[in-house]
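Since the structure comes first, as structure tokens, the remarks are kept for the end.
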Amino acid sequence: MRPGPGEPVFGNWQTIPLDEFVERLLSTRPRVVAVDGRSGGGKSTLTDRLAGLLGAAVVQVDDVAWNAPMFGWSELLAHGVLEPVRRGEAVAYRPPAWDEHGRAGSIDVPAGASLVLVEGVGAGRRELAGLIDGLVWVQSDFAEAERRGIARDIASGVNGDARTTTAFWHEWMASEIPFLQHDRPWDRADFVVAGIGGDPAAVMVAFDAASGEPSSAGSDRFGVGNE
């Protein structure tokens with residue numbers, strides 16, 4: 001696996017049953033868990049599996065960030081979703097761009113939700129550290145994530161035909177790469193998992209060779225983790 005720019009290469013990968021991973025993830029009784037990683041890397045797949053197993057509410061960063069400035073949406077997620085979630089309130093949030101562009105519906109979380117999964121690039125960003133209890137970084141091969149992501153977006157037609165989809169992907173990467181290099185969410189991750197391929201009933205987790213525990217490049221959410 002060759003990760004993206006600035007990202008360390010994690011090793012000592014071990015495949016464990018998904019339910020064992022869930023037990024480890026929930027050991028500290030988190031209310032909000034961020035699933036972060038690069039575009040096309042497998043975040044949504046992991047989140048869907050976790051939500052299906054746990055019955056958790058899911059908040060997609062893409063919905064919060066829809067038509068917002070690239071990576072300029074942290075206050076929307078904080079004030080519109082995470083702060084009321086932490087107060088135990090119901091959420092029915094419509095970001096400003098939804099009204100401006102006539103998008104129907106809302107981002108919903110039921111009152112008293114015991115677990116909320118926040119999925120997307122930047123879900124575990126530093127500005128949200130005080131509102132997040134757990135962070136999973138999904139590491140992926142950079143080239144394979146690009147191939148998968150472009151193929152997915154072409155199939156959905158969300159960004160037009162193959163030419164415009166590919167062009168948009170590279171425009172997006174021009175923002176995503178420096179954002180992640182600066183924010184380094186992997187330094188604050190509680191777990192690092194491999195996001196491409198694998199058994200749907202299992203997850204591949206990076207373990208620390210010395211301790212035998214899952215690698216956590218740094219659980220200090222407010223500082224810099226291990227390089």
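- Leu54 has its side chain within reach of Leu26: a pair of non-hydrogen atoms, C-beta onward, lies under 4.5 Å apart.
- Applying the salt bridge (charged side-chain N to carboxylate O under 4.0 Å, His left out) test to Arg147 and every residue at least two apart in sequence or in another chain returns Glu144.
- The neighbour count for Gln181 CD, taken as heavy atoms of other residues, nucleotides or ligands under 6.0 Å away, is above 12.
- Among residue pairs with one or both ends in residues 77-86, those qualifying as side chain to side chain donor-acceptor pair (under 3.5 Å) are His79-Glu83, Arg86-Asp133; sequence neighbours excluded.
- Between Asp63 and Arg103 a salt bridge is recorded (basic side-chain N to carboxylate O distance below 4.0 Å).
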Side-chain polar contacts of residues 69-77 - donor-acceptor pairs under 3.5 angstrom, sequence neighbours left out - could you list them?
none

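- Side-chain atoms of Thr45 and Asp48 form no donor-acceptor pair, as typed in the model, at a separation below 3.5 Å.
- Evaluation of the side chain to side chain contact (heavy atoms under 4.5 Å, CB included) rule for Asp183 yields Arg125, Arg126, Glu127, Phe179, Pro185, Arg188 as partners, not counting sequence neighbours.
- Expressed to the nearest 0.5 Å, how far CD1 of Ile150 lies from OG1 of Thr166 amounts to 4.5 Å.
- Looking at residues two or more places apart in sequence or on another chain, you find a salt bridge (charged side-chain N to carboxylate O under 4.0 Å, His left out) between Glu89 and Arg87.
- Side-chain atoms of Ser106 do not come within 3.5 Å of backbone N or O of Arg94 as any donor-acceptor pair.
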(message) I'd like to know whether Asp36 forms a salt bridge (charged side-chain N to carboxylate O under 4.0 Å, His left out) with Lys43, so could you lay out the CA-CA distance, the side-chain angles of the two residues, the decisive distance to 0.1 Å, and finally the verdict.
(response) CA-CA 7 Å; Asp36 204 339; Lys43 303 179 303 300; over 6 Å; no
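- A donor-acceptor pair is defined here as one N or O able to donate and one able to accept, closer than 3.5 Å; no such pair exists between the side chain of Gln139 and the backbone of Gly4.
- The backbone N or O of Arg2 lies less than 3.5 Å from a partner atom in the side chain of Asp141, making a donor-acceptor pair.
- Remark: the backbone N or O of Ala145 is not paired with any side-chain donor or acceptor of Ser140 at under 3.5 angstrom.
- Considering only residues two or more places apart in sequence or on other chains, His182 meets the side chain to side chain contact (heavy atoms under 4.5 Å, CB included) condition with none of them.
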